[in-house]
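Take a look at the structure below.
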Amino acid sequence: MLDIRRIRTDPDGVKAAIARRGDGTESLDEVITIDARRRELGAERDDIRARVNALSKQVGGLRRDGRTDEAEALQDESRQLGERERELNTEVDEIAGRVRDILLTVGNIPADECPDGDSEHDNVITRVEGYDPDSYADHQRVPHWDIATELGILDVDRAVKMSGAMFVMYRGMGARLVRALIDYALDRNRDAYEEIRPPTVVKTETMISTGHLPKFADDAYHLERDDLWAIPTAEVPLTSIGRDEVFVEAELPMKFMAHTSCFRREAGSAGRDTRGLLRVHEFDKVELLSYATPEQSAEVHADILARAESVMVELGLAYRILDLCTGDIGNSSARTFDIEAYAPGADRWLEVSSVSWFSDYQARRANIRYRPAVGKGTTVIHTLNGSGLAVPRVWAALVETHRRPDGSIRLPEALHPYLGGLTEIPAPG
RNA sequence: GGAGACGUGGCCGAGCCCGGUUGAAGGCGCUUCCCUGCUAAGGAAGUAACGUCGUAAGGCGUUCGUGGGUUCAAAUCCCACCGUCUCCGCCA
């Protein structure tokens with residue numbers, strides 16, 4: 001959520017920033033108008049309240065002194081004021097709610113450095129690592145869904161039977177590889193990130209804090225009976241750890257990581273990327289998340305990106321890093337780098353990590369603040385997060401990349417400690 | 001799910017029966033200063049957040065779990081909800 005005061009003091013600057021996203025700015029105009037009205041009416045209401053408070057005090061004194069007649073006169077006056085106060089209050093509340101509703105749908109202001117652009121086609125590829133299109137042999141040009149069938153490590157048909165399209169079920173070594181990837185990713189980051197195992201079903205308020213609601217309700221699973229939401233990412237519960245709390249600067253940056261299942265309805269993408277693990281409704285992910293001061297945020301952003309990147313290196317995958325343009329970054333984000341792993345069998349770049357700096361956008365929604373070491377008052381913190389490792393697509397790229405001519409899969413050394421000494425998924429037969 | 005008790009400031013804790021001078025006693029913690037070879041102990045002062053107006057000093061408003069209600073006036077009375085604890089039930 002944007003700071004209403006910033007919108008007030010620099011309306012043109014804010015509108016220009018939102019326009020960079022390709023979003024309309026009409027709602028901002030409306031906010032500016034009704035916010036002015038809100039303050040006007042609010043001031044009037046507060047003046048009346050001040051009068052009522054003063055009168056009530058006088059009434060108390062008069063009654064103590066037994067001057068009942070005088071007290072009753074003042075009570076009458078106060079009663080009259082009360083009616084007007086109620087009217088004003090109702091109106092102010094209404095407008096304030098309206099302001100909030102609108103602000104909840106306005107996206108974050110992109111960072112100055114965020115490249116301009118309309119869509120994913122304008123994202124800037126900042127780096128490509130380990131990728132040589134001519135280096136892949138025929139045995140690596142087999143898509144993971146075929147490999148998986150051959151090795152019996154992924155069973156899509158059975159998952160579809162029990163849960164429907166775009167659900168998957170790992171089997172045998174496939175399932176074990178999932179577990180190894182998760183453990184590896186957690187251990188890889190435990191030097192700096194506290195491991196959390198949060199709830200995966202959360203309240204509406206928790207989804208609003210990250211920006212997943214109200215705008216993107218269609219993308220999430222909703223348990224209507226209990227009004228709870230299945231999290232699309234651990235970012236959701238992790239961001240709310242500090243909701244409505246005030247930290248001291250010395251505690252920052254705070255760093256959390258969590259492995260959770262992630263649930264996505266993928267509304268609007270029916271029929272797209274449906275093969276194998278390209279896009280699924282439920283998947284495992286290790287997420288890294290940090291609360292930081294504004295000054296710390298750049299360094300933390302770089303840290304998360306470096307950690308996500310090192311996973312690609314250690315797993316022996318080719319990857320590239322994208323600097324997402326203003327038209328493609330998420331609604332809550334001010335700057336996002338994506339990591340895409342190359343899957344030679346599917347011959348596609350798969351988004352495996354999205355590393356974002358949300359500035360104070362989420363923290364203002366969640367009301368997470370800190371007390372600066374010097375000076376008075378509180379400041380809204382910054383939140384940052386990124387996937388430490390998103391399982392399905394890494395699993396896919398890994399299986400395709402490390403397939404040997406005989407059909408076996410070489411498992412990278414980094415995973416060996418998590419596989420009980422196994423170093424490969426044996427060839428079929 | 002049933003019954004009972006409770007929810008006050010950074011923390012502990014009074015106030016609630018009997019509404020007004022209580023933004024809230026007292027204590028702890030924290031900050032500054034004084035005293036003091038050092039430390040400890042002791043003394044003094046200060047110490048909430050948010051909104052709004054103001055260049056500022058400061059003014060006004062809101063906040064005693066949340067939301068409603070009664071009243072001239074609510075931490076205090078009434079209702080609903082949420083949460084915590086205890087007992088019972090159920091249970092991986």
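Given the structure is predicted, the values throughout are model-derived calculations rather than measurements. Excluded from the calculations below are hydrogen atoms, water molecules and symmetry mates; all remaining heavy atoms, backbone and side chain alike, are included.
The NZ atom of A:Lys15 sits 10.5 Å away from the OG atom of A:Ser27 when rounded to the nearest 0.5 Å.
Between A:Phe256 and A:Tyr291, the distance separating the two ring centers is shorter than 6.0 angstrom.
Relative orientation of the A:Phe337 and A:His301 rings is tilted, given thresholds of 30° and 60° on the angle between their planes.
Across the protein-nucleic acid pair, A:Arg49 atom CZ and B:G61 atom C1' stand 7 Å apart, rounded to whole Å. The interatomic distance linking A:Glu85 (CD) with B:U70 (P) rounds to 12 Å, in whole Å. Separating the CG atom of A:Leu41 from the P atom of B:C60 is a distance of 22 Å, rounded to the nearest angstrom.
At the heavy-atom level, A:Ser78 lies under 4.0 Å from the strands shown only through sugar-phosphate atoms.
With distances taken from any side-chain atom of A:Asn53 to the nucleotides B:U21, B:C60, B:U62, the minimum falls on B:U62.
Under a 4.0 Å N-O distance rule, the pair A:Asp116/A:Arg20 qualifies as a salt bridge. Ion pair A:Asp3/A:Arg8 not flagged as a salt bridge, since none of the NZ, NE, NH1 or NH2 atoms sits closer than 4.0 Å to an Asp/Glu carboxylate oxygen.
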Verdict with reasoning, A:Thr336 to A:Trp357, per side-chain contact (heavy atoms from CB on, under 4.5 Å): CA-CA 6 Å; A:Thr336 296; A:Trp357 169 52; over 6 Å; no

Mark up nucleotides 49-58 of chain B, 5' to 3', with B wherever a protein heavy atom is under 4.0 angstrom from a base atom, S wherever such an atom reaches only the sugar-phosphate, and - elsewhere. SSBSS-----

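B:G20 and B:A75 are spaced 10 Å apart, taking the P atom of each and rounding to whole Å.
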